[in-house]
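Taking it in order: structure first as structure tokens, then the write-up.
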Amino acid sequence: MSIEVTNQKRIAIVGAGVAGMALAILATKKGYQVSLYERNSGISSLGAGVTLWSNAMFVLQQMGLEKEINRVAGRPHFMRQFNQDGAKLAELDIEDVNRLSGYPSVSILRRDLMRILANSLEHLGVHIQFNASITLQDIDALKQEYELVVGADGRMNSVVREFLYKDKVTPCYQGFINIIGISQLDQSDNAIYDFRGMGERFGIVPIKAGLHYWAAGWQSPLDKDKPLSVCYEEMHTRFQGWPDPVKKVLKSYEENSLNHIFVHDLNPLPHWHQENVLIIGDAAHAPLPTSGQGACQALEDAWHLVQCWDKNNELDKVLVGFYQMRIDKTTAAQRVGRQVAQSIFSTDSMIEPNKGPAGISAQQLSAFWMQALDTK
Ligand SMILES: Cc1cc2nc3c(=O)[nH]c(=O)nc-3n(C[C@H](O)[C@H](O)[C@H](O)COP(=O)(O)OP(=O)(O)OC[C@H]3O[C@@H](n4cnc5c(N)ncnc54)[C@H](O)[C@@H]3O)c2cc1C
């Protein structure tokens, strides 16, 4: 691992999620001085798993983490879409996407991804400051002390976003709930399964033999007070008659892996910075999980930001250029997430539950994901 030692750029990062840790790694490797603040007492591995498409693997390779990721990740070959009776609707050959883009797509447990990022920081000597819940007043102080303050503090309550937008930006509830978990399931075809019904969806992603993560989703009013036990019961009732893989998953999940999320995203924002304060990742452009791109775009942000700043010392130009370079792609991910969610969960379009990523060609997907990712 080579670290340049001449660069004295100083950067404060709020939030040690995917975006914050990736930025801290890439910036440290360029020789920047990094301070990383996290409100929790440790790294959060909330969430079952993520699929990291070729664009994410490009960035992880740039970070020198590809081997470690491959050691624990799965490599699904197909994405297969079915209706709730198990009839096949569509199929995407993920290996075709990988071939066209030149990078693999992998599935990984979130706890493994977060551990790999945290270990990399430790190797680089970056100490995450835990139990540091940054406030609006803290941002005022950080902005005097550091050349750049970056909010990587997530979609729902980003304090750095609030600093930039005095009229608070409210995340948009998109009308469905997700229950996520990790299960034991033997399945031989190494495919992501995407079962769709009327206003309901059950997705199952293989990691390795016997280990899968999954998400059940259905149309639901926003009800944050609904007890967890009621949500889980409802899931069992809704999906009990679904095809075998769903039944098996529901019989074999790790109890402590379960979580429920009333799913929100953001509308595209007109700017991501003011003076030397910037937001990235979900804080700036959270898409719905139905885009499959939130963590991938967070990784891309980190890589592009360091690339831009490395080539140009004029920070304002860097931040303006960063927004111009990233806004179309992140907006497209937000739009795709909403289109897919609408085709499944909206009452208007329930007649056609078979639209989605599996209906997009491998060429379209690889061209979209690999946009603007090269090392020249
Ligand atoms: C069900 C589900 C499935 C998903 N599946 C995929 C997928 O398959 N592929 C994919 O690419 N993406 C997926 N995503 C999206 C992905 O998880 C997110 O886009 C990604 O985690 C965003 O990373 P982030 O670092 O921007 O934000 P976060 O991961 O939310 O991290 C923000 C961090 O900031 C910290 N923080 C917040 N406020 C403060 C503060 N004031 N001070 C200090 N620290 C603070 C938080 O504690 C947290 O650690 C999925 C999301 C969901 C909900």
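Values reported hereafter were calculated over all heavy atoms of this structure, with side chains retained and with hydrogens, waters and symmetry mates removed. Numbers for residues simply follow the sequence, beginning at 1.
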Under the ring pair (Phe, Tyr, Trp, His ring centres under 6.0 Å) test, residues paired with Tyr253 that sit two or more places apart: Trp214, His236

Thr135 versus Asp138, side-chain donor and acceptor atoms under 3.5 Å: yes

Just checking, any donor-acceptor pair under 3.5 angstrom between side chains of Gln334 and Asp265? no

Close side-chain approach of Phe163 to Val149, heavy-atom, < 4.5 Å: no

Below 30° counts as parallel, above 60° as perpendicular, anything between as tilted: where do the rings of Trp272 and His285 land? tilted

Taken to the nearest 0.5 Å, the spacing of Leu185 CG from Lys251 NZ works out to 11.5 Å

Hey, is Arg201 close enough to Asp194 for a salt bridge, meaning N to O under 4.0 Å? yes

If you measure from the Lys or Arg side-chain nitrogens to the Asp or Glu carboxylate oxygens, is any gap between Arg10 and Glu147 under 4.0 Å? no

Can a donor-acceptor pair be found, under 3.5 Å and without considering hydrogens, that links the side chain of Ser366 to the backbone of Gln363? yes

Enclosure of [X] [atom1] (heavy-atom neighbours >12, cutoff 6.0 Å):
{"X": "Asn157", "atom1": "CG", "value": "no"}
{"X": "Gln371", "atom1": "CD", "value": "yes"}
{"X": "Lys166", "atom1": "NZ", "value": "yes"}

May I have the step-by-step check of side-chain hydrogen bond (donor to acceptor under 3.5 Å, both in side chains) for Ser41 and Asn131, ending in yes or no? CA-CA 5 Å; Ser41 57; Asn131 298 309; 4.5 Å; no

Could you walk me through whether Thr330 and Tyr323 satisfy the side-chain hydrogen bond (donor to acceptor under 3.5 Å, both in side chains) test, starting with their C-alpha distance in whole Å, then the side-chain angles of each, then the deciding distance to 0.1 Å, before giving a yes or no? CA-CA 10 Å; Thr330 56; Tyr323 180 80; over 6 Å; no

Exercise answer: donor-acceptor pairs, residues 312-321 side-chain atoms, under 3.5 Å, sequence neighbours excluded:
unit_1: Asn312; atom_1: OD1; unit_2: Glu314; atom_2: N; d: 2.9
unit_1: Asn313; atom_1: OD1; unit_2: Lys9; atom_2: NZ; d: 3.0
unit_1: Glu314; atom_1: OE1; unit_2: Lys317; atom_2: NZ; d: 3.3
unit_1: Asp316; atom_1: OD1; unit_2: His273; atom_2: NE2; d: 3.3

Nearest heavy-atom pair of Asn267 and Cys172: which atoms, and what distance? ND2-SG, 3.7 Å

Looking only at heavy atoms, what is the nearest atom pair of Ile177 and Ser220, with distance? CG2-CB, 4.0 Å

Quick one: do Ile108 and Val50 satisfy side chain to side chain contact (heavy atoms under 4.5 Å, CB included)? Show the steps, please. CA-CA 6 Å; Ile108 187 165; Val50 281; 3.7 Å; yes

Taking the six-membered ring for Trp and the single ring otherwise, decide whether the centroids of Tyr103 and Trp369 are under 6.0 Å apart. no

